[in-house]
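Here is the structure we will look at, set down as C-alpha cells.
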Protein chains: 4
Amino acid sequence: MNPYRYYFRDDYSEGCHPQILKALQETSLSQQIGYGHDDYSIEAKDLIKQLIPDQDADIHFVSGGTQANLIVIAAALRSYESVISAQTGHINGHEGGAIEASGHRVEAISTADGKLDVAHLSPLLAQLNVVGSTQPRMVYISNTTELGTVYSKAELTALSAFCREQGWYLYLDGARLPAALTAPGNDLTLQDVAELTDAFYIGGTKNGALLGEAIVITHPELKTGFKHYLKQKGAMLAKGRVLGLQFRELFRDNLIFDLAAHANACALSMVPAIEKLGYTFRVIPASNQLFPILPDLVVDELAKNYLFHRWEQIANGHTVIRLVTSWATPKTVCDRFISDLELLTSNHRR
Amino acid sequence: MNPYRYYFRDDYSEGCHPQILKALQETSLSQQIGYGHDDYSIEAKDLIKQLIPDQDADIHFVSGGTQANLIVIAAALRSYESVISAQTGHINGHEGGAIEASGHRVEAISTADGKLDVAHLSPLLAQLNVVGSTQPRMVYISNTTELGTVYSKAELTALSAFCREQGWYLYLDGARLPAALTAPGNDLTLQDVAELTDAFYIGGTKNGALLGEAIVITHPELKTGFKHYLKQKGAMLAKGRVLGLQFRELFRDNLIFDLAAHANACALSMVPAIEKLGYTFRVIPASNQLFPILPDLVVDELAKNYLFHRWEQIANGHTVIRLVTSWATPKTVCDRFISDLELLTSNHRR
Amino acid sequence: MNPYRYYFRDDYSEGCHPQILKALQETSLSQQIGYGHDDYSIEAKDLIKQLIPDQDADIHFVSGGTQANLIVIAAALRSYESVISAQTGHINGHEGGAIEASGHRVEAISTADGKLDVAHLSPLLAQLNVVGSTQPRMVYISNTTELGTVYSKAELTALSAFCREQGWYLYLDGARLPAALTAPGNDLTLQDVAELTDAFYIGGTKNGALLGEAIVITHPELKTGFKHYLKQKGAMLAKGRVLGLQFRELFRDNLIFDLAAHANACALSMVPAIEKLGYTFRVIPASNQLFPILPDLVVDELAKNYLFHRWEQIANGHTVIRLVTSWATPKTVCDRFISDLELLTSNHRR
Amino acid sequence: MNPYRYYFRDDYSEGCHPQILKALQETSLSQQIGYGHDDYSIEAKDLIKQLIPDQDADIHFVSGGTQANLIVIAAALRSYESVISAQTGHINGHEGGAIEASGHRVEAISTADGKLDVAHLSPLLAQLNVVGSTQPRMVYISNTTELGTVYSKAELTALSAFCREQGWYLYLDGARLPAALTAPGNDLTLQDVAELTDAFYIGGTKNGALLGEAIVITHPELKTGFKHYLKQKGAMLAKGRVLGLQFRELFRDNLIFDLAAHANACALSMVPAIEKLGYTFRVIPASNQLFPILPDLVVDELAKNYLFHRWEQIANGHTVIRLVTSWATPKTVCDRFISDLELLTSNHRR
C-alpha cells in the first residue's frame, strides 16, 4: 500500500467527524425509544427548525440519499405521474433505476451544467392530459449539482414560481446542500431552500456523518403518511437514535457548514494553479467538486498516487477527471497534488 | 425522569457495544472505497465464512431487518409468487406491508408458538398451478421467532427437506439468530442454518451493533443481480464500511454470541422466580424474550418503573406482557425486577 | 361429444345476447374515434346515468372484472393502505394476487355467507396509525357475493355509514350486480348502490355481453387521473366502441336486468325440488348460484351430463357443488337436471 | 355531420371484418370453457403454429397492445433490468408510463426512421455491471414501426445475433406486423420473425378484429408462469373465446394478410400523386401509414373533410400529417383525397 496515495474519489471515503464519535460514546448506554422517538432525534429536529421558517415542517432521518429520493418521490406521485430531472441528475443514472422501480418515469433533460431552468420545463407542458404520456408532477434538482454547480436565489425562485403555477412539486436533493450553501458565490440560505421548495434533504453522509440524510417536508400533501412509507421501504431504523444523534452534532454550532466550507476551500484552492498551467474545466468550479480536463498521459501518472473518477474521455487525448474534497481533506494534500500536477505537466510538455 | 426506570421494551434500546465504538474511532480517518468494497466489509465476510460450509455464499450488509426481508423476498419471487409466514411473522404484521408493497402476497398461517412445520405448509400445495391463486414459492421463518421460541435441528431439517422437494426457497429471518443459537435448548449451529436454508440474515441491530444485518445467500438463483436490488432499494450505503466494521467486531472472538448468551441468561434467570409466584407464560421461555401472564393491577404497578410491551389483553383481568433483555442488560436490574414483582404480587394478593 | 351435456359451470359459457350481435353488425362500418370517445360509449354512459342520482359520476368501460378491481383499488390507495375483503372475496383468492401485485395488502376476514358487516370491520381500527401495520382504507364487497348471497339496503347502509365515518372508501364489485338487484328478496336499487358506495362496477361479461364491465365512480377523490390509470394498465381499448356499444344495448329497455332476472329464476326454480329430495344448501339460495350438498356418488353421476364446480369436499361422503345459471340457460335444461337428480337420488337411496 | 367526412386517423376506426361477425353469430350459443380453454382459441393457436417453425411456442391472446407489451416486458425482466426502445417506440411515449409503472426503465434512443440497429445498442453495454445503472436486458422493436417503416431480414438478423450474443431478449411489437409482412419491399416471413425474436405479438385490433393481440413466445425462459402474469394483470378474459374466435377467422385462408395488403395498397396508391404535386414525406412511405409534409393552409382545408393526426409542426409554414389506411378503407376515398389535395394545392399555389 502506497502511503502517499490519497483519495479524491468522493466525499465519503472517511468515517466521521470526531465530535460525532464522541457523542456516540457518551450516549451509548442511555436507553431510548426506537424508530425515531429518541431524545436525540427530537433535539436534532429542533436544531434544524431553528434555521427554517416553517415550524410545521416534518423532518425524517434516513440512512442514504437514494433511499431519501425514492421515498419522497414515490410518496409524492401517483403511478402515472413523472419526475423531471437533468440528464446528469442522481436519480436519472446513478440509483440503479430506483425511481422507475417505484413505478415512475424520469423525464431526463439534457443541460449544460447540471442545472434545470424554466426553459427546460416548459416543453413538458405539452404532455399534460395526454393519456398516452406520463404526467409530469415533480421537478427534481440537486444543489450542488452532480457537476458541482450551485443554484442562485434568482434561479431557485424562478423554478419555484413555475412549479407552483403548475401545481408541480419542487424537490431538492441536498446530498451536498451544505457545500452549496457555503460556496463562495452562493446567495441562498437554508431558509430560502425551505421556502422555495416543497421538500428537500440535507446530506449527512457526504458531510462528516457515518451515514444519514435529513428529509425536510414543507408541503402539507407530502407529509401525509410519510412515516408509513419509511417503514414500508425499510428506511425506519430501530435505532433511529444513530441518525438523530449525528444530526444533533452536525447542527450544533454550525458544524455541518464549517465542514462543508472546508471542503469547498480545499477544492477551490487548487483552481488557480490548475488554470495557471493552462488547463480548463468541464464546468466552472464552484464547490468541492472539480472537473479539470487533463492530458491522458498526465492523468495516468496522477492515478499512481491519487484515486479519482475518470469522468469522460474526450477528444485529442484528453480526459475530464473528477476531484472531490471533503471535510477530512488535509490542505497539505491539495498542495501536494498541485505540485505533482505541475511536475507531471512540465514533464509532459517537454 | 425516574432514574430507577428501566426498559425491557426491546433489545435495541441502547447504542452499541464498546468494542464497536473503539473500532469506529481507530479506523475513522482511514480512506476506504465506498458501497461495500471497503477492507472492513471484506474482513467481516471472511470471518462469517469461517463459520459456514459454503465458501461461495454471498454476504451483503444492510441497515435493518425490514430492508433485508423485503429485498431478499422481492429478489427471489416473480410477481405472482407468494411467501408463506406464520401469522406472527415479522413480515406479516410488523413491516407496514413492505412485502405486499413489493408485489407479493404473504400467506399467513396461524400457529401456536410462532413456528412453522410441514403440516402447516402442505395445504398450500393445492394452490399450485391454479391461475386464480398466488403461487407459494418461499417459506419465511424467524429464529428465534417473534415469540422467543427456537427451532430444533430436526424441525429445520424437516422444513428444509419439504421445501427442496417442492422447489421452494427457505428463508430465515435471523434478527435474533444469535439468541437462538445460544439458547439453552438449542442444537443448531450457524453451519446448519447455512446448509438447511437458501438465504438467511444475522441481526446486528438487536445484538450490540448501532445498526446492520448480514444477509447470507447460499442458493445460486438468489445471488443473481442481488447488488442491483440493494442499490435500487436504497440499501447500499455509501459508507458500507460502517456496516462491515461492526460485523468484523461482532464476529471477532465470538463477540456476537457472547452478547446473545448474556441476553438469554438475563431473561431466563427471571423465569424460576416468576413461576414460583404462580404465574405462567404465553409460550414456554426459551431465549431473551419472556411473555409472562400477570394480573392487570400488577402490570400497572410494574409499568411505573419498567417499560415493556403489553402484548395481549386476556380474560379475567390478566395481561400478557413482553420482557426483552439485551447484551446491555445488567443482571442486577433483572434481580430488582423480580423483587419488585414479588412485592407487588404479595400486595396484590393480600 | 355428448349432445345432452350442459354447463352449469358459470354464467360466461356462451357468447352474447343476439341484440348485441345485431348492434355490432349494424354499426360495424361506422367510423368512430378511439379510446372511449366513440358515440356508443357516450350513449351508454347516458343510459346508465339515468338510473343513478349523481350526474357527475365518472363511468369507464373495461374488459374484465379483475382489471376493474385492480385499477380501482390501485388508483384509490396509497402504497401503505390496504383493502378489507371477505375471505371468499374475488380479490382475495381468485385474481392471482392482482391486488398484492399492485402493492396492497388484502385484509381477509372469515365470514359465514360471504358478506361483510360492521362487526367484521371494527377490529381493524386497531391497526390505524401503527407504523408496523398496513392502514385499512377501503372496504371491498361483492353483490351478489361469491356465494350468491345478496346485501339488503339496511346492510349496505350500515357499511356505508361506518366507512364514511372512518374516511374509508366503500367499493362494490358488481360482476353479478344485475343478479343481485333482480333477486327475489332484494330491496336495493342501482340508485341506492350509487349513493351508498364510492365506486362500483356493473358486470357485462356475466350478463350477456361478449366482455365488459362498467366502472362507476362517485367519490371525487377516486376520479382523479383515472383515465391515466386505465391507459397505463392496458385497460383502455383502442376500439372502446366495442364496450360502449354493448352497454348501450344492455341498458336499453332494461335488457341487462331482464337477463339477470331470467338467470335467477332458472336457478331458484330448482330449489324446491332439491329441498324436497331432502338436500340442503351450503348457503341459502338467493340468486343465480346454488350450492347444494349432495352425496359424492350422485355428484359423480351428474357430472356425466352436467359440468359444474365441485366447491368443497365435506364430511360423510358429501360434496358441495356450485350450479350457475345464466341469461342463456333454457328453463327446460333446469327441469331436465331436476328429473335427472331425482332419478339418481332414488337409485342412490335404494 | 358531414357525410363526405372520412377518417384517416388510424386503422382502428371501424368495427370488424364481416367474417368475424359471422363467426360470432354462428358460435354464440355454443357453451365453452372460460379463460382461454375454449375450442376456438385452440383452433386459432393451431392455425398460427402452421406458420411458424417452433411448435413449442406458447401463444396467448390479450385484448390490446399496451397490455401485451407491459405483460411481456414485466414477465421478462428483473426489477433492475431495462428495455431499450427507439424514442418513437410505442412503449416510450404512448402507453402512459406502463413500462415504468411495472418497474422498468425504458432506455430511449433517438433514431431517424423509428428503427433500431446494432450501432444504437452498443453504447448501452457500458452500463452492464455498473450498480448505479439500470441493466439493459431486452430490445423492443416495432414492425412496422410507429413511422410506418419496415425491417428487412438482414436488419432483423443482425439485431437478433447481437441480442443473443449479449443474452438480451429481442421482443417485437407487431401491432402492425401484418402490414409489415405484406409491404411491397418486405423480405421477412412470419417464420423469420418467430425464429429471430424471443417473443412478439400479432395485432388483431389494427387488422380487422374487434379487439385482440396474439402473443407468441418462443424463448423458454419467457414462457415460465406467463398465464399467472396474464391473470394477475387482468388480461385473462373470462370469455377467452371472443379473442380465440377472431384469430381463428383472421388466420383462416390468410385473411389477416389480405386485409393488411389492402391497407398498404390504399396508402401507397396515394404516394405517386402526392410526390407529383411536389410534396415530400417525413419518412419514405413503406406501408399503410404516410407522413406527407404539406403547407399549413392546405392541411387546414383538408381537415374540413378528413380526420388525421397533425404529427409535427415544422418550419416555413408546413406540417407533417399522418394518414393511415385500414382493411376497411375504400379505394375510392383515397382517390377522392388525392383529387381534393390536387385542387387545394392548385388553389394554394395560385
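Computed from a predicted structure; not experimentally measured. What's counted below: heavy atoms across the whole structure, side chains too, no hydrogens, waters or symmetry copies. A, B, ... follow the sequence lines: proteins, then strands. Residue 1 opens every chain.
The greatest number of non-hydrogen atom pairs below 4.5 Å with chain B, out of A:Gly96, A:Ala328, A:Gly65, is found for A:Gly96. Of all the listed residues (B:Ser102, B:Gly97, B:Gly34), the one sharing the greatest number of non-hydrogen pairs under 4.5 Å with chain A is B:Gly97. Interface remark: of the candidates B:Ile71, B:Thr66, B:Ile33, B:Val242, B:Ile33 forms the most heavy-atom pairs closer than 4.5 Å to chain A.
With a 4.5 angstrom heavy-atom cutoff, B:Ser63 touches chain A via backbone and side-chain atoms both. Contact of A:Glu95 with chain B is made through the backbone alone, with heavy-atom distances under 4.5 Å. Contacts of A:Ser30 with chain B are made by backbone atoms alone, with heavy-atom separations under 4.5 Å and no side-chain atom involved. Within the 4.5 angstrom heavy-atom criterion, atoms from both the backbone and the side chain of B:Tyr6 approach chain A. Contacts between B:Tyr40 and chain A at a heavy-atom distance below 4.5 Å are absent for every atom of the residue. Heavy atoms closer than 4.5 Å to chain A are found in the side chain of B:Leu307, but not in its backbone. Using a 4.5 Å cut-off between heavy atoms, B:Leu237 contacts chain A through its side chain alone, with no backbone atom that close.
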task: For B:Gln67 and A:Lys233, run side chain to side chain contact (heavy atoms under 4.5 Å, CB included): C-alpha distance rounded to whole Å, both residues' side-chain angles, the deciding distance at 0.1 Å, then the answer.
output: CA-CA 7 Å; B:Gln67 199 173 68; A:Lys233 301 295 187 189; over 6 Å; no
query: Does the pair B:Leu211 and A:Leu211 meet the rule for a side chain to side chain contact (heavy atoms under 4.5 Å, CB included), with working shown?
result: CA-CA 11 Å; B:Leu211 79 166; A:Leu211 79 165; 3.7 Å; yes
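Checking side-chain atoms of A:Lys239 against main-chain N and O of B:Ala209 turns up a donor-acceptor pair under 3.5 Å. Checking side-chain atoms of A:Arg241 against main-chain N and O of B:Ser13 turns up a donor-acceptor pair under 3.5 Å.
A distance of 9.5 Å separates CG of B:Leu210 from CG of A:Leu245, quoted to the nearest 0.5 Å.
The two residues B:Gly234 and A:Leu70 come nearest to each other via the heavy atoms N-CD2, 3.9 Å. Of all heavy-atom pairs spanning B:Gln232 and A:Ala101, the tightest one is CD-CB, 3.3 Å.
Taking 4.5 Å as the heavy-atom cut-off, the residues of residues 18-29 of chain B that approach chain A are B:Leu21, B:Leu24, B:Gln25, B:Ser28, B:Leu29, ordered by number.
For the residue pair B:Gln31 / A:Glu14, a side-chain donor-acceptor distance below 3.5 Å is found, with atom types taken as modelled.
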